[in-house]
2 protein chains.
Amino acid sequence: MAQASTVERILDTAEVLFAEKGFAETSLRAITSKAGVNLAAVNYHFGSKESLIQAVFERFLNPFCGALELQMDERFADKVTLESLLGLVATVAMETQRGDARRVAIFFRLSGLAYTQAQGHMRRFLRERYAPPFRRWLSLLAQLTPELTQQERFWRVHFALGATTFALSGMESLLAMSNQGAQQPMAATQVSKELLDFVAGGIRAPSQTSRALPDGESAQK
Amino acid sequence: MAQASTVERILDTAEVLFAEKGFAETSLRAITSKAGVNLAAVNYHFGSKESLIQAVFERFLNPFCGALELQMDERFADKVTLESLLGLVATVAMETQRGDARRVAIFFRLSGLAYTQAQGHMRRFLRERYAPPFRRWLSLLAQLTPELTQQERFWRVHFALGATTFALSGMESLLAMSNQGAQQPMAATQVSKELLDFVAGGIRAPSQTSRALPDGESAQK
DNA sequence: AAACGTTTGAAACGTATGTTGGAGGCTGTC
DNA sequence: GACAGCCTCCAACATACGTTTCAAACGTTT
């Protein structure tokens, strides 16, 4: 682990600290000292802290988006179930991180942070850069949930995203909490299956709200 | 608006800025200048930034927890549905904020931030201080969902919490996104109903995971 | 009107942060 | 061996932050 290059050591350390404490709360000095590299190395290799953050995301998202599009190519012809489409995200994340559940958690945690914390910059960066695969995934979901209006689907996806990122945010501490109470500990992989159940149930939930509206079903195309 | 006391003006401004940018990203100078008070006023009235944050939470949580316990007292005898128990949180939040949906959004947003951002301090503060009503709410939920194991219920509550806080986090920007595409805008109150549908569906979702376990054999259907 | 505690005001303090400049070292090539 | 290019290191910079100080202003009581 001491043989890794400076750039890699910075990225490896930064993604962990960012995920733990957030972007603003993590100083470059904390990163460089823990990584065992010089402070100036960050600005030399990445230019700025902002660019470091983007580099961390790109290292996650480039392989992820690539693998996601590949999988959608293959599965597009097949019959896709809601669970498999939702699970695809987790599956692809897992395989692009080579089965390292901890890095997958970091990945989702960072995604949530970027979406939540940085108000303008990060969100726009992520959207402009990685919108296509996401859009395509959304259209697949639309095919699977024709009973939902566009707005319902839009919000439910965000609810699902929230459940995912939030749950994985405090994964370690939450795991400790749930296990402290009793019984045998729950594995992280099983939590993700529980999450899949929950999200699928939420997406599938009957819409009691829009049924009451006069607008309702007519508002398409 | 300008007649409010210094303390109130600080709290009013702080809760908005904290919700928008987060705790670390919001400086005392930003708060005091926007509130139109002197910088030193924060340390004079609250002692420190940390105490300010806690004061913001207490102003939200004290009436909220009180009203929540009151409502649970009354509804405990009645037959409670899952939707009403989940909706109770939103209802109580709405009425303790006197119908101001914007403040309700701030309230949930701050809760999510406290849970997510501050790694140790805030979480412990909130738990020690407001655990009882939450525990009671949880026991009500347990009565309504006997088919779930303790761990399943634990995680699904957190998933629901995540969906809620995350969704309300980017409420304004998300509302803008969903409305930019088309049609008539969706009101914030309707989003909360959509959220309720989603969360209820998630909590109720059949557990495909534990069915495979030897323990949870219950011969469904 | 005077005295007192309380609140506000402007300025400064110490510290931590992101960033930069320049000296030194390492590894290749001629 | 000398040189060039890339990298590392140390030191410093300017800035922004939370906090403190202390005098002035305020409001109430005597």
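Predicted, not measured: the structure shown is a model, and the values here were computed from it.
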* Below 4.0 angstrom from OP1 or OP2 of C:dT7, is there any side-chain N or O of B:Thr6? -> no
* Asked: Is any side-chain N of the basic residue among A:Glu83 and A:Arg204 closer than 4.0 Å to the acidic one's carboxylate O?
  -> yes
* **Least distance between heavy atoms, B:Ala14 atom then B:Leu52 atom** => CB-CD1, 4.1 Å
* Hey, are A:Glu58 and A:Arg129 close enough for a salt bridge, meaning a charged N less than 4.0 Å from a carboxylate O? -> yes
* Mind telling me whether B:Phe60 and B:Phe107 have parallel, tilted or perpendicular rings, with 30° and 60° as the class edges? => parallel
* To do: Taking only Lys NZ, Arg NE, NH1 and NH2, and the carboxylate oxygens of Asp or Glu, determine whether A:Asp12 and A:Arg59 approach each other closer than 4.0 Å.
  => yes
* Structure fact -> A:Ile31 atom CD1 is separated from C:dT17 atom P, nearest whole Å, by 11 Å
* Asked: Would you say A:Thr145's side chain and A:Leu148's backbone share a donor-acceptor pair under 3.5 angstrom?
  -> no
* Structure fact -> In terms of heavy-atom contacts, B:Phe198 and A:Ala160 come closest through CZ-N, 3.6 Å
What protein N or O atoms touch nucleotides 15-17 of chain D N or O atoms at under 3.5 angstrom, if any, and at what distances?
unit_1	atom_1	unit_2	atom_2	d
D:dC17	OP1	B:Ser27	OG	3.4

* **Side-chain donor or acceptor of A:Glu74 paired with backbone N/O of A:Gln71 under 3.5 Å** => no
Provide a list of protein-nucleic acid N or O atom pairs under 3.5 angstrom, restricted to nucleotides 22-26 of chain D.
none

* Between CG on residue B:Leu88 and CE on residue B:Met72, distance to nearest 0.5 Å -> 7.0 Å
* Structure fact -> With A:Glu15 as partner, the option from A:Arg103, A:Lys21, A:Arg109, A:Lys34 fulfilling salt bridge (Lys or Arg N to Asp or Glu O under 4.0 Å) is A:Arg103
* DNA chain C contacts among residues 33-48 of chain A, heavy-atom distance under 4.0 Å -> A:Leu39, A:Ala40, A:Asn43, A:Ser48
* **B:Ile10 CD1 to C:dT8 C1', straight-line distance once rounded to whole Å** => 11 Å
